[in-house]
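Okay, so here's the structure we're looking at.
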Amino acid sequence: MSSTSARSSSSEDLQNLSPAEAESHYFNSYPPPKALKNHEALARAFISYHVESNRRVVLVTSGGTTVPLENQTVRFIDNFSAGTRGATSAEYFLQEGYAVIFLHRQFSLLPYSRHYSHSTNCFLDFMDEEPAPSSSSTTTGFTSGGNGDASDHGRIVVRSEYQDQMRSVLRKYRYAKQNNLLLLLPFTTVTEYLFELRSLAKIMRPLGPNALFYLAAAVSDFFIPRDRMAEHKIQSSEVPAGSSSSKDASDSSAIAESDIYTGHNDPQPPTHSKKLIIDLDPVPKFLHRLVDGWAPDGSMIVSFKLETDPSLLVNKARTALQRYSHHLVIGNLLSTRKWEVVFVTPEPDGERWIRVPKSKRSKSISGVENQVGLAEGKRPGDVGEEMVPTEQQGHGQGQGQVQTGGTGAEPEQGQGESENEIEIESLIIPELVKMHSEMIAKAKGEKKK
Ligand code: PAZ
């Protein structure tokens, strides 16, 4: 069952458009996000500040995107991404001396505060109340009587075991803020994301080769185009005849009658609820436009590819690289993404695995350790401690090492949550900085000729 025939422009028609035509069709179909003007003004000021000091700027995209089912949105489709990759990477870019525009899904993890947010790292668990000055007994429970009496108020402090880690995070956060190195820009829907990406890339043009795009957001591949979207909340039960909503629903081409049906095959059909068939179109791919139009000349563009099937990952990453002709695709599997990634570059032998050695891997509830290595064609459990050190990189303080097989030294400590753990981003970012430095040097060389 499909509502394709009812559409004003079918996805087949749109597939025949040139990238530039697809761009104007898409962006003319939506009003720009309300925050866009303000974000553009902030980004312009941020970019000119850093162009002035010849600093490199990275645009990090992070988190999932929502796909609304209604124009006045009650329901939406979402994805798993919490923004860990983006938020963590942003910290390592800052450590490497980059200024960061952090384009993130609203309420996803943020650089620095990620250490103390969401339910797994609830900030309250890091706090304590000191004994009240007038009392010798420790107050750890509730004070009586609501706000209580000031005399029984102890100072709120960071628990002693977290002091060092929090001081370190706090200092880095304050340094980034005080030096105007971090610009946080939120989005929610896939359309908002695309508008923001396009604007920011154009605003970044004065940076030239000093610009880096690090596209870690999990952008939805499917959506409901505006001309098929219901205005109001999709009804799950009969709408009273004659009500404006019933007219709205029956007039609307957004959800055709034929796409909403009762569960007539169920042994006991429910009396009120209906099944809803959602018919999604592919989200237009704008990486072409980023590479060939929006982004600054000479800038470096890095995209991510996520797969769940190990046998697909490398091929899919390579296909993306060939299709969009950018500089690097970082491939990762859902189940091992915290411990290994693959760098796929245009060179004939351009496949390089970066892994956290076994003893340094962070704990992950969703991760499956015995899948590490499978996408490279290794047998389960074959990948362990072997390391080959790489030199320190970049114009900042690179501290990662890359696993390419063989034996070697243990890596230095990254910023993992426990002392022995390292975050894979502490290995990824110095490698990228090195590649970016090479590109910048090449661009400068070409300019001199
Ligand atoms: O947000 P997170 O840290 O849980 O996940 C990161 C990721 C897997 C979304 C990212 O590494 C990625 O692969 N992004 C691109 C996904 C894709 O469009 O294929």
Side-chain angles (χ1 to χ4, degrees), residues 58-67 77-93 102-111 113-115 117-121 186-188 190 193-194 197 213-223 282-288 290 301-310 312-321 323-324 326 328-344 353-356 361-368 371-372 375 414-417 421 423-429 431-432:
V58 58
L59 173 65
V60 175
T61 71
S62 183
T65 57
T66 68
V67 170
I77 299 172
D78 205 347
N79 66 48
F80 73 97
S81 172
T84 312
R85 173 84 75 228
T88 311
S89 301
E91 288 180 20
Y92 289 105
F93 274 120
F102 190 66
L103 180 62
H104 64 283
R105 160 75 181 279
Q106 190 168 35
F107 308 128
S108 61
L109 293 171
L110 296 177
S113 72
R114 73 180 170 102
H115 299 275
S117 60
H118 291 53
S119 53
T120 43
N121 274 338
F187 63 82
T188 303
V190 63
Y193 166 83
L194 291 169
L197 178 66
F213 292 82
Y214 183 82
L215 308 174
V219 181
S220 175
D221 288 325
F222 302 101
F223 79 134
V283 172
K285 300 285 183 209
F286 287 119
L287 198 46
H288 270 132
L290 180 70
I301 299 179
V302 180
S303 70
F304 276 78
K305 171 60 74 186
L306 173 73
E307 290 298 335
T308 56
D309 181 344
L312 294 182
L313 181 65
V314 175
N315 277 341
K316 292 288 289 277
R318 184 154 302 288
T319 306
L321 193 71
R323 181 169 300 151
Y324 301 111
H326 53 307
L328 170 68
V329 177
I330 302 182
N332 52 176
L333 287 179
L334 186 66
S335 56
T336 61
R337 69 189 189 282
K338 302 218 189 281
W339 308 311
E340 65 173 1
V341 297
V342 59
F343 275 26
V344 177
W353 285 89
I354 292 186
R355 292 201 174 94
V356 176
R361 287 179 198 157
S362 56
K363 306 284 163 293
S364 163
I365 298 166
S366 59
V368 186
Q371 293 197 357
V372 171
Q415 276 184 333
E417 293 297 311
E421 293 171 1
E423 295 173 314
I424 192 163
E425 292 78 8
S426 74
L427 307 181
I428 296 173
I429 305 309
E431 282 301 300
L432 279 186

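In listed order, ligands and their atoms are each counted from 1.
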Roughly how far, to the nearest 0.5 Å, is the [atom2] atom of [Y] from the [atom1] atom of [X]?
| X | Y | atom1 | atom2 | answer |
| --- | --- | --- | --- | --- |
| Glu307 | Lys316 | CD | NZ | 4.0 Å |
| Leu313 | Leu334 | CG | CG | 11.5 Å |
| Arg337 | Thr308 | CZ | OG1 | 12.0 Å |
| Ser89 | Tyr214 | OG | OH | 3.0 Å |

- Item | Contact check, Ala217 vs ligand 1, heavy-atom distance below 4.0 Å |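 Distance cut 4.0 Å: Ala217 passes for ligand 1.
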- Task: Please answer whether the main-chain N or O of Ile77 pairs with a side-chain N or O of Thr66 as donor and acceptor at a distance below 3.5 Å.
- Result: no
- Message: Given 3.5 Å as the limit, does a donor-acceptor pair link the side chain of Trp339 with the main chain of Ser362, or not?
- Response: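 Judged by distance alone, yes, a pair lies under 3.5 Å.
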Starting from [atom], find the nearest protein heavy-atom neighbour and note its residue, name and distance.
| atom | answer |
| --- | --- |
| atom 13 (O) of ligand 1 | Asn332 ND2, 2.9 Å |
| atom 1 (O) of ligand 1 | Ser81 OG, 2.6 Å |
| atom 19 (O) of ligand 1 | Leu306 N, 2.8 Å |
| atom 10 (C) of ligand 1 | Ala216 O, 3.5 Å |

Of all the atoms in ligand 1, which lie at a distance below 4.0 Å from a heavy atom belonging to [X]?
| X | answer |
| --- | --- |
| Phe80 | 4 (O), 5 (O), 8 (C), 9 (C) |
| Lys305 | 19 (O) |
| Thr84 | 1 (O), 2 (P), 3 (O) |

- Are any of the N or O atoms of Gly83 closer than 3.5 Å to those of ligand 1? yes
- Query: Quick one: do Glu423 and Arg114 make a salt bridge, cutoff under 4.0 Å?
  - Reply: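 Yes, this pair counts.
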- Option of least heavy-atom distance to atom 4 (O) of ligand 1 (set: Lys316, Arg85, Arg337): Arg337
